[in-house]
Every structure is written in structure tokens, then in C-alpha cells.
K.L.:
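Structure in C-alpha cells, see below.
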Amino acid sequence: MPQTPMPPVGSPRPPVAQYHAAARPGADFRSVFGKAVGGGGLLAGVTILLVEDSRAAADTMRLMCQRLGARLRRADSAEAARRHLALYRPDAVLVDLGLPDEPGEALIAEIAASTGRPAALIGISGLIEGRGAALAAGVDGFLEKPLPGALALARVVMPLAEAHHPGAALAMRNAASTALLLSGARPDPAALRDDLLLADRLLALPRLAQGTGYVLGFLRGLGRITGDAALARMAQRVAEGDAPLAALADLVRDRIAVQAPAVGPASGSQGAGAARQDR
């Protein structure tokens, strides 16, 4: 399949190595947080493209970006991300490793090698073992889902805020604002229901186009970000051959049964392949 080329660099960027150093595990972010970002949030003015197939995970990230003041767009597949990057240049690109059309590592490697590489290229996964694959593909940092709070996202993308708001004072003036950044975010129930319905449809297919690996990884990640340990554990057991796929399908249907139907526009109507703005 022909791939849309990445756009050339249109304006100067600080060296990517600067962000790589700041995103290393164990890096000291105290000097970064000692700078101001004005009154619009820690990441005010920063644009982020999230490449993520799970609506629940994307909704969680949207809430965190709202707290930080960042502008978020979402693409739900690698091909949708390519179409987006052919038109726009986000400051940061976050790529989930478990995409429906190809491994996230392949997209990361493509973006990393392009002339339009973003200032921060971050890999995300619900599986800690994804860190090595993401780093090998060329990311500047890695985030394990679920993020413990918006501050975890800010720490990786924070150098971008420095470029937007050099020398201003950090806007964390009280314990309430600090607690908000440290706390996690829960996805919209409608987004969770859409993810469960998608998994149910995939599990009902006589033969999965991507094999069982994709849907098992999808459900393991969904269980982790929603705090559903039983769902994550069952998906893991199926992956290890300790439980039948039918048992996982039954559990997914049980979860759907207790989820209230989505209200408003038809649930699941956001077709695959579209890049869209999450406000």
C-alpha cells in the first residue's frame, strides 16, 4: 500500500536530542518544572497528535490534555495518522504500539526517519515490555498505560512548553491544582462501551484478520486503563493458552450488559481511519 510522505520541516525546531534527554527514564525534571508556563496550563500552546485505536484510552488522554492546556487530535490507525501528518505538524506525536492496521513500532520508525519528525515522539502501551520495542523504533520517551495522572504526560512533553512559555512561573499555586495533575482520569462510559462492542465484534469473527494478538492486546490495555483487573487478567490467560477465547468473549459480553447504552450520536459511528479533533 502506498504511504503518504511526511511533510518537510517548515520551521526551525530545537534539536530532538534535547527532548530525548529530558524524556529518559529517571531524568530530573525539577529544573523543567521550575519555569513558567503562564496561566493556560503546563502545556498551553502545545499541539499533540495521539495515534490510539481505543476510544476509552483516547478519552482519558483528552481529559489530561484539558487539564494541561494542550490541544489534542486523535487518529485511530496508522494510515489515519499518515493522512494527518501530511497536512499538520503537531509538536508531539504519541503512538500506541497496538494499532489495528500495523504495529505502532513501524509507524514510529517511519516518523522518526522523516524530515518532518516532531519535537517529541512518544511510544505508549499498556504493556511494560513495549518500552524496548518503542525505544528501538526511535521514540524520545515511553509512557505505560494507564498514566497515573496528567503530570506523567507533562513530564515527557514538558520541554515543548518551555519553547512556548520561556521564563514564566509554574502555575501550581495550591494543593488542589497539584492534586488535579497527580490524579488519574476516567474515560467516558460511552467510550468504554464502544471499545467493548468493538472487541465483541472482533471476537465473534470466525477468523480474525489480525489474528488474536491484536484483540487480546486491545483488551489487556482496556482492562488496565479502566481498572478492570479481571478483564486484563483473562486476556492475558488466553494469550498464554491458559483459558479459551470463548471465556474472554463471555466476559466481554458480561461487561457490555452492565454498561448503559450511549446517549446522543450513534455509539461506534466514528469510523476507523479518521483523524479527528478531541476538544
K.L.:
Using modelled atom types and a 3.5 Å cut-off, is there a donor and acceptor pairing between side-chain atoms of Arg193 and backbone atoms of Ile256?
P.N.:
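Side chain of Arg193 to backbone of Ile256: a pair is present.
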K.L.:
Can you name the closest pair of heavy atoms from Ile48 and Cys65 and give their distance?
P.N.:
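Heavy atoms only, the tightest pair is CD1-SG, 4.0 Å.
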K.L.:
Taking atom CG of Leu135 and atom CZ of Arg131, what is their separation to the nearest 0.5 Å?
P.N.:
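Going from CG on Leu135 over to CZ on Arg131, the span is 6.5 Å.
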K.L.:
I'd like to know if the side chain of Asp195 reaches the main chain of Arg55, judged simply by a donor and an acceptor atom lying under 3.5 Å from each other, with no hydrogens or angles considered.
P.N.:
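Flag set: sc Asp195 to bb Arg55 pair under 3.5 Å.
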K.L.:
Report the residues that fulfil side chain to side chain donor-acceptor pair (under 3.5 Å) with Glu105, sequence neighbours left out, ordered by chain and then residue number.
P.N.:
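Not a single residue meets the side chain to side chain donor-acceptor pair (under 3.5 Å) criterion with Glu105.
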K.L.:
Rounded at 0.5 Å granularity, tell me how far CG in Leu202 sits from CG in Leu197.
P.N.:
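One gets 11.0 Å once the value is rounded to the nearest 0.5 Å.
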K.L.:
Between Leu219 and Val238, does the side chain to side chain contact (heavy atoms under 4.5 Å, CB included) criterion hold? Intermediate values first, please.
P.N.:
CA-CA 11 Å; Leu219 288 170; Val238 174; over 6 Å; no
K.L.:
Let's go through Leu85 and Val93 carefully: what are the C-alpha distance in whole Å and the side-chain angles of both, what is the deciding distance for side chain to side chain contact (heavy atoms under 4.5 Å, CB included) to 0.1 Å, and is it a yes or a no?
P.N.:
CA-CA 10 Å; Leu85 291 169; Val93 177; 4.2 Å; yes
K.L.:
Between Arg224 (side chain) and Gly126 (backbone), is there a donor-acceptor pair under 3.5 Å?
P.N.:
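Yes, because the side chain of Arg224 sits within donor-acceptor range (under 3.5 Å) of the backbone of Gly126.
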K.L.:
Heavy atoms only: give me the nearest Ala134-Gly123 pair and the separation to one decimal.
P.N.:
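Answer, listing the atom of Ala134 first, then Gly123: CB-CA, 4.4 Å.
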K.L.:
So Arg117 and Asp140, salt bridge (charged side-chain N to carboxylate O under 4.0 Å, His left out) or not? Walk me through it.
P.N.:
CA-CA 11 Å; Arg117 177 178 179 138; Asp140 304 312; 2.7 Å; yes
K.L.:
Which pair of non-hydrogen atoms, one from Val139 and one from Ile122, has the smallest distance, and what is that distance?
P.N.:
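Taking Val139 first and Ile122 second, the nearest heavy atoms are CG1-C, 4.1 Å.
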K.L.:
I'd like to check Arg237 versus Leu248 (side-chain heavy atoms, cut-off strictly below 4.5 Å). Are they in contact?
P.N.:
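They are not in side-chain contact.
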K.L.:
I want to check something: taking the side chain as every heavy atom from C-beta on, are Ile225 and Leu222 in contact at a cut-off of under 4.5 Å?
P.N.:
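Heavy-atom side-chain distance check passes, below 4.5 Å.
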K.L.:
Show, in sequence, the C-alpha distance, side-chain angles and deciding distance for Arg73 and Thr47, and conclude whether the side chain to side chain contact (heavy atoms under 4.5 Å, CB included) test is met.
P.N.:
CA-CA 8 Å; Arg73 285 179 179 266; Thr47 56; over 6 Å; no
K.L.:
Decide side chain to side chain contact (heavy atoms under 4.5 Å, CB included) for Val215 and Leu198; before the verdict, give the C-alpha distance in whole Å, the side-chain angles of both, and the deciding distance to 0.1 Å.
P.N.:
CA-CA 9 Å; Val215 69; Leu198 171 61; over 6 Å; no
K.L.:
Between atom CG of Leu50 and atom CG of Asp76, what is the distance when rounded to the nearest 0.5 Å?
P.N.:
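Between Leu50 CG and Asp76 CG, I get 10.0 Å after rounding to 0.5 Å.
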K.L.:
Check whether any side-chain N or O of Asp101 sits under 3.5 Å from a backbone N or O of Glu79 as a donor-acceptor pair, and report yes or no.
P.N.:
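Side chain of Asp101 to backbone of Glu79: a pair is present.
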K.L.:
How far does CZ of Arg82 sit from CG of Leu87, to the nearest 0.5 angstrom?
P.N.:
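So the gap between those two atoms works out to 14.5 Å.
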K.L.:
Can you name the nearest heavy-atom pair linking Ala112 to Ala137, along with the distance?
P.N.:
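Looking at all heavy atoms of both residues, the closest pair is CB-O, 4.0 Å.
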K.L.:
Taking the side chain as everything from C-beta on, heavy atoms only, tell me whether Val51 gets closer than 4.5 Å to Ile124.
P.N.:
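A side-chain contact under 4.5 Å is absent here.
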K.L.:
Any chance you could measure Leu196, atom CG, to Asp228, atom CG, to the nearest 0.5 Å?
P.N.:
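One gets 8.5 Å once the value is rounded to the nearest 0.5 Å.
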K.L.:
I need the Leu107 CG to Glu102 CD distance, nearest 0.5 Å.
P.N.:
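Separation between the atoms: 6.0 Å.
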K.L.:
Where is the tightest heavy-atom contact between Ala81 and Ala75, given as atom of each residue plus distance?
P.N.:
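The answer is N-CB, 3.6 Å.
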K.L.:
Locate the shortest heavy-atom distance separating Pro90 from Pro118; write the atom from each residue and the value.
P.N.:
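In terms of heavy atoms, the two residues are closest at O-CB, 3.8 Å.
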K.L.:
Is there a path of hydrophobic side-chain contacts, each under 4.5 Å between heavy atoms of I/L/V/M/F/W/Y residues, joining Phe218 to Leu127?
P.N.:
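Each belongs to a different hydrophobic cluster.
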K.L.:
Flag the pair Thr60 / Thr226 as yes when at least one side-chain heavy-atom distance between them is below 4.5 Å, and no otherwise.
P.N.:
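Heavy-atom side-chain distance check fails, nothing below 4.5 Å.
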K.L.:
Are Arg74 and Met61 packed together at the side-chain level, in the sense that at least one heavy-atom pair is separated by less than 4.5 angstrom?
P.N.:
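No, their side chains stay 4.5 Å or more apart.
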K.L.:
Indicate yes or no: at least one non-hydrogen side-chain atom of Asp96 is less than 4.5 angstrom from one of Lys145.
P.N.:
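Yes; the side chains approach each other to less than 4.5 Å.
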